[in-house]
Amino acid sequence: MKTDDLINMLAKDARVRLRFGRVFLIALVIGVVISAALLLSTIGIRKNMAEMIETPRVLFKLGITLLLALTATRLAFRIGKPGVSLRSAALTLTLPLAVLIAGIVTELLVVPQADWASRMEGQFSAFCLFFVPTLSIAPLAAILYSIREGAPENPGTAGAVAGLAAGGIAAAIYAWHCPDDSPLFLATWYSIGILAATGAGFLLGRKILRW
């Protein structure tokens with residue numbers, strides 16, 4: 001290969017990487033704004049959030065959903081770049097899992113066993129099952145669109161990661177409304193909603209992220 005050809009190829013690759021990063025950020029912001037606007041225009045923020053945000057369970061719920069959203073989104077960003085190592089980004093997903101397990105153990109220790117089932121069931125599980133997947137639609141569409149500007153090596157896996165990130169974002173947004181604060185509720189119903197978004201991302205990724 002001639003030197004000039006090599007320089008041109010590297011320059012084009014650099015422009016593609018720059019474009020992907022810009023597109024990913026813009027699309028992500030749009031998706032998050034749409035999702036947040038949907039929450040505000042329908043069920044709104046929890047009425048007593050100003051006082052409840054100081055309680056440990058609410059802080060835990062807001063914190064862990066945000067942590068999942070950040071770690072999964074970072075992985076989704078990296079998975080759109082060919083040849084980039086995913087190991088460190090994938091390992092960070094163990095952080096929200098470890099924090100969730102710690103929260104569950106703490107809840108089981110401080111709450112009487114007779115109340116475990118009611119804490120897990122909560123009062124608005126149906127709301128959670130509906131709104132987490134619904135609020136994930138815009139972020140999922142945004143992330144999938146931006147990943148198409150990259151070059152994911154495995155469309156299904158990339159789609160699943162996009163769905164996980166979108167589910168985490170949706171959970172972090174819905175947490176500002178949800179009146180059920182127990183980690184047991186979070187581990188059950190939020191997880192189902194996030195898994196639904198992950199599955200949808202996997203199926204869509206296999207179709208629209210193919211080279």
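Put simply, the residue from Ile169, Leu135, Thr134 that forms a side chain to side chain contact (heavy atoms under 4.5 Å, CB included) with Tyr174 is Leu135. Test Val32, Ile26, Leu25 against Val29 for side chain to side chain contact (heavy atoms under 4.5 Å, CB included) and you get one pass: Leu25.
Residues Leu86 and Val161 have side chains not in contact (no heavy-atom distance under 4.5 Å, counting atoms from C-beta outward). Residues Arg148 and Pro155 are not in side-chain contact: their nearest non-hydrogen atoms beyond the backbone lie 4.5 Å or more apart. Counting heavy atoms from C-beta on, the side chains of Leu140 and Leu204 come closer than 4.5 Å. The shortest side-chain heavy-atom distance between Ile143 and Phe24 falls under the 4.5 Å cut-off. Residues Phe124 and Trp189 have side chains not in contact (no heavy-atom distance under 4.5 Å, counting atoms from C-beta outward). In this structure the side chain of Leu97 never reaches within 4.5 angstrom of the side chain of Leu93, judged on heavy atoms. Residues Thr92 and Leu75 have side chains not in contact (no heavy-atom distance under 4.5 Å, counting atoms from C-beta outward). Two residues are said to be in side-chain contact when any heavy atoms from C-beta on lie closer than 4.5 Å; Ile64 and Phe60 meet this criterion.
Of all heavy-atom pairs spanning Arg78 and Ala89, the tightest one is CD-CB, 3.6 Å. Across all their heavy atoms, Ser146 and Ala27 have their closest contact at CB-CB, 4.2 Å. Among all heavy-atom pairs drawn from Ile104 and Ala187, the shortest one is CD1-CB, 3.5 Å. The nearest pair of heavy atoms linking Ala158 to Ile147 is O-CD1, 4.1 Å. Heavy-atom minimum distance, Ile43 versus Phe131: CG2-CZ, 3.6 Å. The shortest non-hydrogen separation linking Cys178 to Phe185 is SG-CE2, 3.9 Å.
Linking Ile, Leu, Val, Met, Phe, Trp and Tyr residues whenever their side-chain heavy atoms come within less than 4.5 Å leaves Leu59 and Val111 in two separate clusters. Following chains of ILVMFWY side-chain contacts shorter than 4.5 Å, one cannot reach Val33 starting from Val23, and the two form parts of different hydrophobic clusters. Side-chain heavy atoms closer than 4.5 Å link hydrophobic residues (I, L, V, M, F, W, Y) into clusters, and following such links, possibly through other members, connects Leu129 to Val132. Both Leu38 and Phe127 belong to a common hydrophobic cluster when Ile, Leu, Val, Met, Phe, Trp and Tyr are linked at side-chain heavy-atom distances under 4.5 angstrom. In the hydrophobic clustering of this structure, Leu62 does not group with Leu66; members are Ile, Leu, Val, Met, Phe, Trp, Tyr whose side-chain heavy atoms approach within less than 4.5 Å, directly or through other members.
To the nearest 0.5 angstrom, Leu100 atom CG is 9.5 Å from Leu68 atom CG. For the atom pair CD (Glu107) and CG (Asp115), the distance works out to 9.5 Å, reported to the nearest 0.5 Å. Residue Leu144 holds its CG atom at 12.5 Å from NZ of Lys207, rounded to the nearest 0.5 Å. Between the OH atom in Tyr145 and the CD1 atom in Ile30 there is a gap of 9.0 Å [rounded to 0.5 Å]. To the nearest 0.5 Å, atom CD1 of residue Ile173 and atom CG of residue Leu39 are 7.0 Å apart.
Without hydrogens or angle criteria, Ser35 side chain to Gly31 main chain gives no donor-acceptor distance under 3.5 Å. In this structure, the side chain of Asn154 engages the main chain of Thr157 through a donor-acceptor pair within 3.5 Å. For His177 (side chain) and Ile45 (main-chain N/O), no donor-acceptor pair under 3.5 Å exists by modelled atom type. No donor-acceptor pair closer than 3.5 Å links the side chain of Thr73 to the backbone N or O of Leu70. Judged purely by atom type and a 3.5 angstrom limit, Thr55 uses its side chain to pair as donor or acceptor with the backbone of Met52. In this structure a side-chain-to-backbone donor-acceptor pair under 3.5 Å is present from Asp180 to Gln123.
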- Task: Test Leu108 against Leu184 for side chain to side chain contact (heavy atoms under 4.5 Å, CB included), laying out the working first.
- Result: CA-CA 9 Å; Leu108 295 178; Leu184 300 177; 4.0 Å; yes
- Query: Are Met49 and Val58 close enough, and set up right, to give a side chain to side chain contact (heavy atoms under 4.5 Å, CB included), and what steps lead you there?
  - Reply: CA-CA 9 Å; Met49 179 57 82; Val58 172; 4.0 Å; yes
- Message: The test is side chain to side chain contact (heavy atoms under 4.5 Å, CB included); show your working for Ser182 and Glu121 and say whether it passes.
- Response: CA-CA 10 Å; Ser182 173; Glu121 182 179 356; over 6 Å; no
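Between Phe20 and Phe77, the ring centre distance stays below 6.0 Å.
Taking the charged nitrogens against the carboxylate oxygens, Asp181 and Arg46 do have a contact shorter than 4.0 Å, which makes a salt bridge.
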